[in-house]
Amino acid sequence: MTSHIPMVIPKPEPVTDSSPQTPIPPSSFFNFNTTTTQSPLEPNLYTEFTNVAETFRSAFAQRLKRHEDVTVLDSLTGAIVPVPEEQDPDPDPVSYPSQSLKPRKPQERSSELVRITDVGPEGERQFREVVRKTRMIYDSLRIFLILEETREVLGRRRGRPDSKAASMMKERFLWLNRDKRIVGSIPGVQVGDIFFFRLELCVMGLHGQTQAGIDYLIGSRSSNGEPIATSVIVSGGYEDDDDQGDVIIYTGHGGQDKLGRQAEHQKLEGGNLAMERSMYYGIEVRVVRGFKYENAVSSKVYVYDGLFRIVDSWFDVGKSGFGVFKFRLERIGGQVEMGTSVLKFAKTLKTNPLSVRPSGYISFDISNRKENAPVYLFNDVDDDQEPLYYEYLATTSFPRGILGGSNGDNASGCECVSGCSSGCICERKNGGEFAYDYNGNLIRMRPLVHECGPGCKCPPTCRNRVTQKGLRSRLEVFRSVETGWGVRCLDILHAGAFICEYVGVALTREQANILTMNGDTLVYPARFCSDRWKDWGDLSQVFPDYERPSYRQIPPVDYAMDVSKLRNVACYISHSNDSNVIVQMVLHDHNNLMFPRVMLFAAENIPPMTELSLDYGVSDDEWSPKLAICN
DNA sequence: GAGAATTCATAGAA
DNA sequence: CTTCTATGAATTCT
């Protein structure tokens with residue numbers, strides 16, 4: 001825990017018996033609390049998060065020049081430092097903040113300005129998990145609402161599932177960081193994280209404005225009466241912006257007409273003033289960049305690029321001849337590479353890889369065109385070229401005989417000539433709910449997905465045909481010092497997106513036993529561990545009476561895959577108990593429940609160049625690249 | 001405290 | 001494909 005955290009604590013409830021001009025008595029200004037507060041645990045995410053947050057919270061406050069008697073600033077760090085003799089005489093500090101800082105309305109945004117630092121690896125892991133779960137709920141709920149709406153009002157104008165999902169979560173207190181205004185990084189949100197909706201940023205507490213580019217604590221609610229900016233979104237909406245990566249010339253807001261054209265001078269008020277004040281106090285702002293991205297669920301993508309400092313501000317004449325405020329933002333050092341840079345890099349890798357990585361490529365397609373998209377092989381670590389020595393197999397081959405027999409069930413398919421819709425036989429096979437949404441993303445995990453197959457009359461565009469169409473994104477096998485061979489994606493993988501099949505030569509148990517004795521390397525699909533993701537897509541926190549669908553039980557998957565000679569890209573995915581890839585069994589070209597195909601999906605939004613990882617069902621310590629497949 | 005105003009959204013139609 | 005428009009929600013302003 002650092003002892004030197006700049007922080008502003010809000011003005012408490014206005015003193016009723018004084019006129020608006022009268023300063024509030026000094027004693028009520030200060031609230032200092034470094035003790036851990038424990039409020040009764042409730043079984044929801046929000047409470048859990050708050051409790052963790054409180055553990056690491058410390059507070060300092062001061063009054064600034066509006067109240068002439070005290071002004072304490074640390075000139076080196078810009079920190080607002082405590083004024084010890086004005087310590088809050090609150091006799092019951094344990095009740096803080098639930099009583100002394102209780103918002104006027106339960107849903108009102110907090111005015112408590114805090115910075116959370118040094119939560120430690122364990123704290124960060126916990127925060128990350130909460131953020132993950134919350135994002136999962138948001139996305140699942142959003143997709144749920146889309147599907148529900150499509151079912152109810154077919155063809156009618158669609159609402160705003162992104163905003164409705166956010167509202168529903170807000171009503172259920174599932175928004176994160178509502179009890180405080182965080183300056184600096186949001187625990188659990190990492191540089192490079194990708195979001196698809198502005199409201200998703202609101203839910204995370206990363207940026208509280210649905211449209212405005214500058215988020216700030218308003219002056220009337222801050223301790224010194226001055227507004228403080230906390231985050232900005234850079235998405236090119238102002239013609240006078242100049243974005244050079246680590247340095248941004250950010251235009252203040254205001255002065256635009258309805259068409260977004262600069263039509264009058266901007267004023268130093270609202271967010272503009274907050275930016276200026278943040279600069280004055282040396283308080284950093286979070287920067288989120290928004291830009292168009294083809295193939296994204298929303299056509300737009302928001303990337304968290306980390307913390308910037310406002311180093312300069314001035315009033316300038318903009319391109320349209322009107323006065324605009326400009327702020328020079330410089331990225332604070334020591335942070336990981338910006339997500340935006342990584343995105344740009346990955347994009348170039350897809351079109352012109354040698355221009356940015358002249359050496360290290362071993363192959364530009366280890367699949368030899370057996371996949372829809374080329375699979376790169378890259379190694380700038382050592383001379384190993386192992387993946388070249390295996391023949392590439394694009395889909396698992398099953399033993400002859402086990403699939404052949406076509407009983408009545410096998411032969412039958414749906415008759416949906418224009419694509420499957422609700423009520424069709426294939427939907428019923430899937431427990432009354434298709435496994436995928438209209439973008440081909442997995443909605444919820446289940447024991448087995450029945451895709452439409454050769455016996456179905458529906459076209460290839462049917463929503464129930466996803467994994468059978470193969471790779472949709474660009475994958476790269478790469479050499480890493482830590483994990484040996486690994487796999488990463490050059491595209492953004494939306495949560496639930498199909499990645500690839502885990503491929504091998506399938507063997508019956510008897511065949512496998514013989515091979516194991518020979519020392520060959522086998523993969524057992526049944527061992528893939530999905531416990532961590534078993535409630536993936538679960539909405540019981542939103543709908544209290546939500547019933548987990550009961551899927552038909554399937555016989556245990558009891559085959560092994562030989563990957564000693566034939567394999568595909570999936571074989572190089574590393575193991576992690578903290579995996580970002582989930583395993584879903586799928587049938588599409590045959591109906592033998594004992595031999596489903598092993599399909600891999602993104603468990604969360606995965607930014608480009610992030611290593612993919614699977615839980616092979618062993619602990620992290622036990623794992624080695626060899627063991628993963630020997631086991 | 002209620003309603004108006006502001007806002008670098010969003011989706012779908014034109 | 002881009003541009004336009006209707007609808008919208010949280011927050012701040014009055």
Side-chain angles (χ1 to χ4, degrees), chain A residues 13-14 16 20 103-111 142 145-146 149-150 153 155-171 175 177-178 181 195-222 225-243 248-264 266-267 269-275 285-294 296-303 305 318 324-327 329 438-439:
Chain A
E13 290 300 308
T16 45
R104 284 186 294 260
K105 294 176 194 166
Q107 291 294 308
E108 192 163 301
R109 253 215 305 187
S110 165
S111 57
R142 190 181 60 80
L145 293 169
I146 291 174
E149 222 168 55
T150 329
V153 277
R156 284 297 300 157
R157 184 191 174 70
R158 300 232 326 253
R160 287 281 304 274
D162 59 312
S163 110
K164 198 170 175 193
S167 300
M168 291 180 70
M169 288 180 72
K170 193 183 181 193
E171 285 166 17
W175 284 30
N177 303 311
R178 291 289 292 181
R181 285 294 197 94
F195 304 86
F196 294 99
F197 298 90
R198 285 289 294 259
L199 282 156
E200 199 179 358
L201 304 175
C202 295
V203 175
M204 295 306 128
L206 199 56
H207 188 85
Q209 305 278 20
T210 49
Q211 293 193 18
I214 303 171
D215 194 18
Y216 60 101
L217 177 65
I218 57 171
S220 64
R221 301 194 65 189
S222 84
E226 298 178 65
I228 295 290
T230 54
S231 58
V232 298
I233 294 192
V234 189
S235 50
Y238 281 81
E239 60 196 7
D240 297 311
D241 276 354
D242 183 6
D243 188 350
I248 303 166
I249 307 300
Y250 191 81
T251 311
H253 63 52
Q256 288 188 325
D257 62 17
K258 280 167 195 156
L259 297 165
R261 301 184 152 264
Q262 207 65 43
E264 53 184 289
Q266 293 183 344
K267 295 174 194 139
E269 60 187 18
N272 297 349
L273 180 61
M275 290 288 279
V285 291
R286 296 182 289 274
V287 169
V288 174
R289 280 191 174 84
F291 43 85
K292 284 194 167 147
Y293 192 87
E294 66 282 6
V297 277
S298 62
S299 80
K300 214 162 173 197
V301 152
Y302 298 92
V303 185
D305 271 342
V324 292
F325 282 93
K326 292 194 170 180
F327 303 95
L329 308 183
Y438 291 99
N439 289 314

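Proteins get letters first, then strands, A, B, ... in listed order; numbering begins at 1 in each.
The phosphate of C/dT12 has neither OP1 nor OP2 within less than 4.0 Å of any side-chain N or O from A/R221. The phosphate of C/dT7 (OP1 or OP2) has no side-chain N or O of A/R160 nearer than 4.0 angstrom. Distances shorter than 4.0 Å separate some side-chain N or O of A/Q256 from OP1 or OP2 on B/dC8. Residue A/R109 places at least one side-chain N or O under 4.0 Å from the OP1 or OP2 atom of C/dT11. Taking 4.0 angstrom as the limit, A/S167 places a side-chain polar atom (N or O) nearer than this to OP1 or OP2 of C/dA10. When the side-chain nitrogen and oxygen atoms of A/Y216 are compared with OP1 and OP2 of C/dA10, none of them lie within a distance under 4.0 Å. The shortest distance between the side-chain N/O atoms of A/T210 and the OP1/OP2 oxygens of B/dT10 is not below 4.0 Å.
To the nearest angstrom, P of B/dT7 lies 13 Å from CZ of A/R198. One atom, NZ of A/K164, and another, P of B/dT10, lie 18 Å apart when rounded to the nearest Å. For the pair A/N177 CG and C/dA10 C1', the computed distance is 17 Å after rounding to whole Å. Rounding to whole angstrom units, CZ of residue A/F197 and P of C/dA9 are separated by 15 Å. At whole-Å resolution of the value, NZ in A/K267 and C1' in C/dT12 are 15 Å apart. Spacing between atom CZ of A/F195 and atom C1' of B/dT10 amounts to 18 Å, rounded to whole angstrom units. Atom P of nucleotide B/dA5 and atom NE2 of A/H253 are separated by 17 Å, given to the nearest angstrom. A/N272 has its CG atom 12 Å from the C1' atom of B/dT7, to the nearest Å.
With hydrogens and angles ignored, the 3.5 Å screen pairs no side-chain donor or acceptor of A/Q266 with any backbone N or O of A/G255. The backbone N or O of A/A166 lies less than 3.5 Å from no partner atom in the side chain of A/E171, so there is not a single donor-acceptor pair. The backbone N or O of A/Y238 sits nowhere less than 3.5 Å from a side-chain atom of A/H253 that would complete a donor-acceptor pair. A side-chain donor-acceptor contact under 3.5 Å links A/S231 to the backbone of A/L206. No donor-acceptor pair under 3.5 Å is formed between the side chain of A/S111 and the backbone N or O of A/S222.
Of the candidates A/Y250, A/Y216, A/F325, A/M275 forms a side-chain contact (heavy atoms from CB on, under 4.5 Å) with just one, namely A/Y250.
Closest to the side chain of A/I218, out of C/dT12, C/dT11, B/dA9, is C/dT12.
The side chain to side chain donor-acceptor pair (under 3.5 Å) search around A/R286 returns none, not counting sequence neighbours. Contacts of A/F196 classified as ring pair (Phe, Tyr, Trp, His ring centres under 6.0 Å), with partners at least two apart in sequence or in another chain: A/H494. By the side chain to side chain donor-acceptor pair (under 3.5 Å) test, A/N439 is found to be paired with no residue, residues two or more places apart in sequence or in another chain being considered. The side chain to side chain donor-acceptor pair (under 3.5 Å) test applied to A/D240 returns no partner, not counting sequence neighbours.
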Quick test: give all pairs of protein nitrogen or oxygen and nucleotides 2-4 of chain C nitrogen or oxygen below 3.5 Å, distance rounded to 0.1 Å.
none

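In this structure, A/S298 and A/Y238 both approach DNA chain B, and ranking their closest nucleotides by distance from the 5' end singles out A/Y238. Residue-to-nucleotide proximity on DNA chain B shows that, of A/V297 and A/G213, the 5′-proximal contact is made by A/G213.
Base contact: A/S235 has a heavy atom under 4.0 Å from a base atom. Within 4.0 Å of A/D162, counting heavy atoms only, lie sugar-phosphate atoms of the nucleic acid but no base atom. Among the heavy atoms of the strands, none lies under 4.0 Å from A/R142. At a threshold of 4.0 angstrom between heavy atoms, the contacts of A/G254 are confined to the sugar-phosphate backbone, with no base atom among them. No contact: A/G271 has no heavy atom under 4.0 Å from any strand.
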- Pairing annotation in dot-bracket form, given for DNA chain B with Watson-Crick or G-U pairs under 3.5 Å and | for cross-strand partners: .||||||.||||||
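A/F291 and A/K300 get closest at one heavy-atom pair: O-CG, 3.4 Å.
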